[in-house]
Amino acid sequence: VAFNKLGNRGRKMIELTFLGTSSAFPTIKRNHSSIYVKLEDKRLLLDCGEGTQRQIRIAGLSPKIDYILLTHWHVDHMIGIVGLLESLAISDLPMPQIFGPDIKKSARMLLRAVNLNERVQINDIQLKREKEIIDLEKFKIFAFPVKHTVPCVGYKIVEKDKVKIKKEFLEKNNIKSGPHLRPLLEGKDIIYEGRKISAKEATEIQKGKSVVYLTDLRFDRKIANYIKNVDLLIIEATYRTELQKEAKEYYHLTIKDALTLAKMAMAKQVIITHISQRYENSEDYKNEVFSLAQEMGLNVQIAEDFMSVKVE
């Protein structure tokens with residue numbers, strides 16, 4: 001996982017841009033929750049808080065969105081869909097599909113009020129365990145339940161495993177790269193300069209990368225089972241650990257809660273988001289994050305609006 005500021009993007013498999021990293025109240029530096037994800041030719045939003053379409057424009061990203069994945073139906077995570085969809089309608093651009101837990105009735109009422117109801121496909125997510133919700137050519141997207149004050153889910157984006165030719169095998173056997181090797185990727189043996197080349201020996205499975213988005217939830221050790229060995233874990237830490245009581249009462253995570261889940265899941269990289277407005281200029285918040293991360297042996301960053309990330 002590599003971090004870079006906006007405008008420094010190369011070719012990559014999964015691209016993410018943080019459009020909003022605050023919690024219930026937007027601040028001068030942080031907008032309401034939303035992450036723009038590019039999966040090759042598909043684009044999606046993870047949550048769509050107030051002002052998301054403006055953030056997209058500032059970031060210089062395409063407004064053509066294929067999917068909007070809402071974690072739950074709270075205003076700071078979904079109210080941005082109204083303005084975004086209206087702009088797409090005026091521009092005569094295709095409408096994205098919207099996914100979310102038990103949202104169809106509320107979403108229909110909202111979109112009916114702005115005359116967009118008939119143009120948007122809404123997909124209710126109802127589940128008790130992890131479930132695949134989208135199957136793309138090279139990626140799958142899963143949802144899994146978490147505990148909040150309303151129905152809420154986490155999302156997991158997984159790149160499909162692929163077959164790869166072993167570079168060291170080619171070098172060892174003096175085999176030149178080229179289209180003649182393509183059958184090996186399909187599991188077929190080939191004849192090369194009179195020699196039989198076994199697909200089984202020449203290839204290996206390259207495991208796909210994964211990204212998890214977790215926000216607005218009460219701490220639960222069972223969640224670690226859904227996110228084991230994730231390459232990038234994006235997770236809320238609304239409160240400092242000293243506010244553990246408030247976190248439990250309002251169904252949110254503290255810094256320690258978030259990093260404990262990351263440690264249990266053996267996450268390779270962690271990004272903290274959904275940060276309370278009370279920590280807008282707090283060095284104590286940052287110090288606690290990095291102190292605990294070092295203590296737990298975790299690779300952690302704190303998200304900023306317009307920070308871009310690539311997973312490859």
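Values below: all heavy atoms of this structure, side chains included; hydrogens, waters and symmetry mates excluded.
For Y250 (side chain) and R218 (main-chain N/O), no donor-acceptor pair under 3.5 Å exists by modelled atom type. Judged purely by atom type and a 3.5 angstrom limit, E288 uses its side chain to pair as donor or acceptor with the backbone of T241. Without hydrogens or angle criteria, D189 side chain to A199 main chain gives a donor-acceptor distance under 3.5 Å. A donor-acceptor pair under 3.5 Å is absent between the side-chain atoms of D47 and the main chain of L70, judged by distance alone. N31 contributes a side-chain N or O that, together with a main-chain N or O of E50, makes up a donor-acceptor pair within less than 3.5 Å. Between the side chain of K228 and the main chain of A267, no donor-acceptor pair closer than 3.5 Å is present. Not a single donor-acceptor pair under 3.5 Å links the side chain of D124 to the backbone N or O of P101. The main-chain N or O of L16 is never found under 3.5 Å from a side-chain atom of K38 such that the two would form a donor-acceptor pair. In this structure a side-chain-to-backbone donor-acceptor pair under 3.5 Å is present from E236 to T238.
Under the 3.5 Å distance criterion, with hydrogens and angles disregarded, a donor-acceptor pair is assigned to the side chains of Q97 and N123. Side-chain atoms of H274 and H77 include a donor-acceptor pair closer than 3.5 Å. A donor atom on one side chain and an acceptor atom on the other are not found under 3.5 Å apart for Y279 and D284. In this structure, a donor-acceptor pair under 3.5 Å is absent between the side chains of Q277 and T27. For the 3.5 Å distance criterion, the side chains of D257 and T254 qualify, holding a donor opposite an acceptor.
No more than 12 heavy atoms of other residues, nucleotides or ligands sit less than 6.0 Å from atom CZ of R182. Around atom NZ of K256, no more than 12 heavy atoms belonging to other residues, nucleotides or ligands sit under 6.0 Å away. Crowding of Y251 atom OH: a count of heavy atoms from other residues, nucleotides or ligands under 6.0 Å not exceeding 12. When the shell of 6.0 Å around NZ of K164 is examined, it contains 12 or fewer heavy atoms from other residues, nucleotides or ligands. Within 6.0 Å of CD on E137 lie no more than 12 heavy atoms contributed by other residues, nucleotides or ligands. The number of heavy-atom neighbours closer than 6.0 Å to NZ of K268, taken from other residues, nucleotides and ligands shown, is above 12. Within a 6.0 Å radius of CZ in R57, no more than 12 heavy atoms belonging to other residues, nucleotides or ligands are found. More than 12 non-hydrogen atoms from other residues, nucleotides or ligands lie less than 6.0 angstrom from CD1 of I191.
When all heavy atoms of R43 and S62 are compared, the closest pair comes out as NE-CB, 3.6 Å. Of all heavy-atom pairs spanning Y285 and A237, the tightest one is OH-O, 2.5 Å. In terms of heavy-atom proximity, A303 sits nearest to R30 at O-NH1, 2.7 Å. Between P96 and I68, the closest heavy-atom pair is CG-CD1, 3.8 Å. The shortest non-hydrogen separation linking V311 to K209 is CG1-CB, 3.7 Å. In this structure, L69 and I134 approach most closely via the heavy-atom pair CD2-CD1, 4.0 Å.
For the atom pair CG of L232 and CD1 of I271, the computed distance is 4.5 Å after rounding to the nearest 0.5 Å. Taking CG of D135 as the reference point, atom CD1 of I141 lies at 9.5 Å (rounded to 0.5 Å). Atom OG of S177 sits about 9.0 Å away from atom CD of E171, to the nearest 0.5 Å. To the nearest 0.5 angstrom, H180 atom NE2 is 8.0 Å from E193 atom CD. Taking OG1 of T273 as the start and CD1 of I235 as the end, the distance is 11.0 Å to the nearest 0.5 Å. Between the CG atom in N173 and the CZ atom in R195 there is a gap of 6.0 Å [rounded to 0.5 Å].
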Check the pair K105 / R108 against side-chain contact (heavy atoms from CB on, under 4.5 Å), numbers first and verdict last. CA-CA 5 Å; K105 183 178 179 181; R108 287 290 177 217; 6.0 Å; no
Test side-chain contact (heavy atoms from CB on, under 4.5 Å) on Y226 and V212; report intermediate values, then the result. CA-CA 9 Å; Y226 295 124; V212 166; over 6 Å; no
Please lay out, stage by stage, how F18 and V309 fare under the test side-chain contact (heavy atoms from CB on, under 4.5 Å). CA-CA 8 Å; F18 288 79; V309 179; 3.8 Å; yes
Intermediate values then yes/no, side-chain contact (heavy atoms from CB on, under 4.5 Å), I255 and I272: CA-CA 8 Å; I255 294 169; I272 298 294; 5.8 Å; no
Dump the intermediate steps for side chain to side chain donor-acceptor pair (under 3.5 Å) on H32 and D76, then the final yes or no. CA-CA 6 Å; H32 272 159; D76 56 319; 5.2 Å; no
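Annotation: side chain of L93 is in contact with side chain of P63 (closest heavy-atom distance under 4.5 Å). Residues L45 and I35 have side chains not in contact (no heavy-atom distance under 4.5 Å, counting atoms from C-beta outward). Within the 4.5 Å cutoff, the side chain of T149 has heavy atoms near those of the H74 side chain. In this structure the side chain of L44 never reaches within 4.5 angstrom of the side chain of D66, judged on heavy atoms. By the 4.5 Å heavy-atom criterion applied to side chains, L214 and F144 are counted as neighbours. A heavy-atom distance below 4.5 Å is found between the side chains of L110 and M78. Side-chain contact between F142 and K140: present, with at least one pair of heavy atoms (C-beta onward) separated by less than 4.5 Å. I56 places a side-chain heavy atom less than 4.5 Å from the side chain of T52.
Between E280 and K29 there is no salt bridge, since none of the side-chain N atoms of the basic residue sits less than 4.0 Å from a carboxylate O of the acidic one. Salt bridge D231/K207: absent, no basic N to carboxylate O contact under 4.0 Å. Salt-bridge check for K166 with E201: failed, with every basic side-chain N at 4.0 Å or more from each acidic carboxylate O.
Y67 and V158 fall into different hydrophobic clusters, where Ile, Leu, Val, Met, Phe, Trp and Tyr side chains are chained together by heavy-atom contacts under 4.5 Å. Placement of F169 and I205 within a single hydrophobic cluster is found when ILVMFWY residues are connected by side-chain heavy-atom separations under 4.5 Å, directly or transitively. A continuous path of hydrophobic side-chain contacts links V163 to L181 [ILVMFWY only; heavy atoms under 4.5 Å]. Note: the hydrophobic cluster containing V300 also contains I223 (ILVMFWY, side chain heavy atoms under 4.5 Å, direct or indirect links). Neither M266 nor V270 shares a network with the other; the hydrophobic side chains, linked directly or stepwise wherever heavy atoms of I, L, V, M, F, W or Y lie under 4.5 Å apart, form separate groups for each.
Considering L61, L19, T17 as possible partners of Q55, the one that fulfils the side-chain contact (heavy atoms from CB on, under 4.5 Å) test is L19.
Between Y239 and H252, the ring-plane angle classifies as perpendicular under the 30° and 60° cut-offs.
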